[in-house]
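What follows is one structure encoded as structure tokens, with my remarks underneath.
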Amino acid sequence: MAGVHEKNNVAASAAEDNLAGSSRSGGPLRSENSYRWNPRDEPLVHEPAARQPPVLTYPPPTPDPRLFNPQQMRFLFQKKLQNSDVKANGRIVVPKREAESHFPVLVSKERGLWLHLDDMDYMQVWTVRFRFWPNERSRMYILDHTSEPKL
DNA sequence: GGGTCATGCATTTGT
DNA sequence: CAAATGCATGACCCT
């Protein structure tokens with residue numbers, strides 16, 4: 001993922017044929033953790049509630065880049081990429097707190113969610129899969145399929 | 001001490 | 001054989 005670094009502005013939208021069906025309906029989902037819900041944490045892109053999507057094991061077609069008005073964007077979080085995020089693994093670890101506050105809700109480890117990430121610095125769309133692994137009694141969230149496609 | 005996460009590694013899948 | 005995948009482990013925070 002050569003073009004993505006910690007300062008990039010990236011906007012995410014659920015892949016159209018792989019809807020989350022789980023847009024937040026306001027308010028925190030987990031009251032037991034310390035994250036304090038802010039109304040401005042509502043997702044930027046609201047998808048209509050939908051049927052259970054099929055589990056896609058292959059990436060859906062990547063849409064063309066879109067133009068965004070920076071005035072209408074808001075900062076969510078940043079992460080300094082680690083070695084293991086940019087090595088050949090093709091995965092990027094998403095911090096749990098951010099994953100659970102800003103990303104769509106994942107219902108099971110088998111049901112990942114394909115996301116189109118708009119790289120606004122390079123006008124490029126990255127199609128990656130958001131999913132998690134069970135880890136201890138918790139979850140470890142990752143984006144995978146993050147490697148450059150082989151030519 | 002418990003939770004998170006960077007990373008290693010074994011297994012599975014693809015070429 | 002290479003790449004992708006699934007999971008485990010240990011270091012490193014916080015509280």
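A note on names: the letters A, B, ... follow the listed sequences, proteins ahead of strands, and every chain is numbered from 1. Since the model is a prediction, treat every value here as computed from it, not as a measurement.
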For A/Gln82, answer base if it contacts any base atom (sugar-phosphate contacts may also be present), sugar-phosphate if it contacts only those atoms, and nothing otherwise; contact means non-hydrogen atoms under 4.0 Å.
-> sugar-phosphate
Per A/Glu136 side chain, nearest of listed nucleotides C/dA8, B/dT4, C/dT5 | B/dT4
Which nucleotide in the set B/dT4, C/dA8, C/dT5 lies at the smallest distance from any side-chain heavy atom of A/Trp133?
-> C/dA8
Could you please name the option among B/dG3, C/dT5, C/dA8 that lies closest to any side-chain atom of A/Arg137?
-> B/dG3
Decide yes or no for A/His116 and A/Trp126: does some side-chain heavy atom of the first lie under 4.5 Å from some side-chain heavy atom of the second?
-> no
Answer with base, sugar-phosphate or nothing: what part of the nucleic acid does A/Asn135 contact at a heavy-atom distance below 4.0 Å?
-> base
Length of the line joining A/Arg97:CZ and B/dC5:P, which is rounded to integer Å = 9 Å
Same cluster (ILVMFWY, side-chain, under 4.5 Å), A/Leu106 and A/Leu143 = yes
Starting at CG of A/Asp144 and ending at P of C/dT5, how long is that distance when rounded to a whole Å?
-> 6 Å
Hey, which of these two, A/His145 or A/Met140, hits DNA chain C nearer its 5' end, going by closest nucleotide?
-> A/His145
Should the ring pair A/Phe132 and A/Tyr141 be called parallel, tilted or perpendicular, given that the plane angle runs from 0 to 90° and is split at 30 and 60?
-> tilted
Can a side chain N or O of A/Lys109 be found less than 4.0 Å away from OP1 or OP2 on C/dC7?
-> yes
Under 4.0 Å between a side-chain N/O of A/Ser138 and OP1 or OP2 of B/dT4, yes or no?
-> yes
Expressed in angstrom and rounded to an integer, what is the separation of A/Asn89 atom CG from C/dG6 atom P?
-> 14 Å
Determine: side-chain N/O of A/Arg131 to OP1/OP2 of C/dG6, distance under 4.0 Å, yes or no.
-> yes
With side chains defined as the heavy atoms from C-beta onward, is the minimum distance between A/Val93 and A/Asp85 less than 4.5 Å?
-> yes
Answer yes or no: does a side-chain N or O of A/Lys96 lie under 4.0 Å from OP1 or OP2 of B/dA6?
-> no
Are any non-hydrogen side-chain atoms of A/Met120 and A/Met73 less than 4.5 angstrom apart?
-> yes
Would you say the base of C/dG6 and the side-chain of A/Arg91 have a donor-acceptor pair closer than 3.5 Å?
-> yes
Whole-Å distance between B/dG14 C1' and A/Tyr58 OH?
-> 18 Å
Just how far, in rounded Å, is P of B/dT7 from CG of A/Leu81?
-> 11 Å
In whole Å, what is the span from the CD1 atom of A/Ile142 to the C1' atom of B/dT4?
-> 15 Å
When all nucleic acid strands are considered with a 4.0 Å heavy-atom cut-off, which category describes A/Lys87: base, sugar-phosphate, or nothing?
-> nothing
From the list C/dT5, B/dA6, C/dA8, which nucleotide is the closest neighbour of the side chain of A/Lys79?
-> B/dA6
Does a side-chain N or O from A/Ser84 land closer than 4.0 Å to OP1 or OP2 of B/dT7, or not?
-> yes
In whole angstroms, the gap separating C1' of C/dT5 from CZ of A/Arg111 amounts to 19 Å
